[in-house]
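Along the sequence shown, residues carry numbers from 1.
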Amino acid sequence: MQWRDNGLGFSPVTIVLHWMVAALLVAILGLEIVMAAAPDRAADTGLAEVQNLLGLVLFLVSIYRFYARITSFHPLPVGTPNPVEVIIGRSVAAALALAMVLLPAAVWLSRAAGGAAVVLPGGHALPRLIDPAPGLKALVDTLFAIGGAAFLAGLALHLFGAWKSHVVLKTPAVQRMLGKHVEL
């Protein structure tokens with residue numbers, strides 16, 4: 001069994017973690033929407049704890065994914081891609097992997113700087129990284145907003161690239177990320 005990515009394809013580990021990160025992102029954003037729309041703040045506490053747990057799992061998985069991304073060969077592109085698009089696609093993918101490490105860390109740092117704990121289900125809390133510092137919290141929140149906007153732009157590019165590859169160019173790149181063996 002192939003445990004690491006190589007020039008011919010993604011490993012099963014990479015594929016599972018890719019879709020796990022996608023599912024975690026959808027769940028975290030969905031919980032954020034539900035909590036924003038809920039009139040009862042008491043119910044938000046339980047949802048926030050679940051969201052914190054999902055964010056912690058996302059952070060831990062993303063540390064490995066980023067490490068694997070920068071230490072493994074990336075599979076060759078399928079079809080006859082434009083070299084500029086390959087560079088952009090790989091840069092965006094690496095930036096998204098890095099963002100999945102930095103953004104959850106920024107939330108953790110922001111909460112600590114604001115004097116709040118990151119509480120997980122069962123009442124367990126992550127240790128505070130720093131003492132409360134309102135000025136630092138404002139800075140981290142600003143950086144998070146900028147990083148979040150850049151992440152969403154990168155995610156839009158990633159999704160557009162997948163759509164273009166699958167629908168317009170009709171290459172098997174999406175099938176490869178679904179675990180199917182494809183010919184280069």
Side-chain angles (χ1 to χ4, degrees), residues 5 13-72 74 87-163 177:
D5 298 347
V13 173
T14 297
I15 293 168
V16 167
L17 293 180
H18 176 271
W19 294 109
M20 180 186 287
V21 165
L24 286 167
L25 280 172
V26 168
I28 290 167
L29 293 174
L31 283 171
E32 189 65 32
I33 291 168
V34 168
M35 289 188 305
D40 183 18
R41 288 313 221 177
D44 286 355
T45 305
L47 293 178
E49 290 175 357
V50 171
Q51 188 183 41
N52 291 340
L53 178 62
L54 295 176
L56 177 61
V57 172
L58 175 66
F59 176 66
L60 296 173
V61 166
S62 295
I63 290 171
Y64 172 76
R65 282 195 74 227
F66 182 68
Y67 168 77
R69 178 76 185 183
I70 62 174
T71 60
S72 296
H74 193 74
I87 292 168
I88 291 170
R90 290 185 177 182
S91 299
V92 167
L96 289 174
L98 179 60
M100 288 294 80
V101 173
L102 296 179
L103 291 175
V107 170
W108 190 7
L109 184 61
S110 172
R111 297 240 179 104
V118 176
V119 181
L120 304 174
H124 303 289
L126 297 179
R128 288 199 181 124
L129 297 173
I130 58 170
D131 292 329
L136 180 59
K137 178 176 177 21
L139 175 64
V140 171
D141 288 348
T142 300
L143 292 174
F144 179 81
I146 293 167
F151 169 75
L152 291 175
L155 183 60
L157 278 172
H158 183 68
L159 294 172
F160 174 76
W163 173 82
M177 189 45 83

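The backbone N or O of Met177 sits less than 3.5 Å from a side-chain atom of Trp19, completing a donor-acceptor pair. The main-chain N or O of Ala106 is never found under 3.5 Å from a side-chain atom of Ser110 such that the two would form a donor-acceptor pair.
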- [ ] Apply the test side-chain contact (heavy atoms from CB on, under 4.5 Å) to residues Val92 and Phe160: give CA-CA distance (whole Å), side-chain angles for both, the deciding distance (0.1 Å), then the verdict.
- [x] CA-CA 12 Å; Val92 167; Phe160 174 76; over 6 Å; no

- [ ] Determine, step by step, whether Arg90 and Arg69 satisfy the side-chain contact (heavy atoms from CB on, under 4.5 Å) criterion, reporting the C-alpha distance in whole Å, the side-chain angles of both residues, the deciding distance to 0.1 Å, and the verdict.
- [x] CA-CA 10 Å; Arg90 290 185 177 182; Arg69 178 76 185 183; 4.1 Å; yes

Open item on the list: Could you walk me through whether Met100 and Leu25 satisfy the side-chain contact (heavy atoms from CB on, under 4.5 Å) test, starting with their C-alpha distance in whole Å, then the side-chain angles of each, then the deciding distance to 0.1 Å, before giving a yes or no?
Closed with: CA-CA 9 Å; Met100 288 294 80; Leu25 280 172; 3.8 Å; yes

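You'll find the side chain of Trp108 reaches within 4.5 Å of the side chain of Pro127, heavy atoms only. With a 4.5 Å cut-off on side-chain heavy atoms, Leu54 and Gln51 do not count as touching.
Heavy-atom minimum distance, Ser62 versus Val21: OG-CG2, 4.2 Å. Counting all heavy atoms, side chain and backbone alike, Gly148 lies closest to Leu103 at N-CD2, 3.9 Å. Across all their heavy atoms, Leu109 and Val140 have their closest contact at CD2-CG2, 3.7 Å. Considering all non-hydrogen atoms of both residues, Phe151 and Ala99 come closest at CD1-CB, 3.8 Å.
Atoms CG and NE2, from Asn52 and His124 in turn, are 13.5 Å apart once rounded to the nearest 0.5 Å. Between the CG atom of Leu96 and the CZ atom of Phe66 there is a distance of 11.5 Å, given to the nearest 0.5 Å. Atom CG of Leu58 and atom CZ of Arg65 lie 9.5 Å apart (nearest 0.5 Å). Taking CG of Leu24 as the reference point, atom CG of Leu29 lies at 10.5 Å (rounded to 0.5 Å). Separating the OG1 atom in Thr142 from the NZ atom in Lys137 is a distance of 10.0 Å, to the nearest 0.5 Å. Note that the CD1 atom of Ile146 and the CG atom of Asp141 stand 11.5 Å from one another [nearest 0.5 Å].
Only one option out of Leu126, Val119, Val118 pairs with Arg111 in a side chain to side chain contact (heavy atoms under 4.5 Å, CB included); it is Val118.
With sequence neighbours excluded, the residues forming a side-chain contact (heavy atoms from CB on, under 4.5 Å) with Ile63 are Phe59, Val101, listed by chain and number. Pro132 meets the side-chain contact (heavy atoms from CB on, under 4.5 Å) test with no other residue; sequence neighbours excluded.
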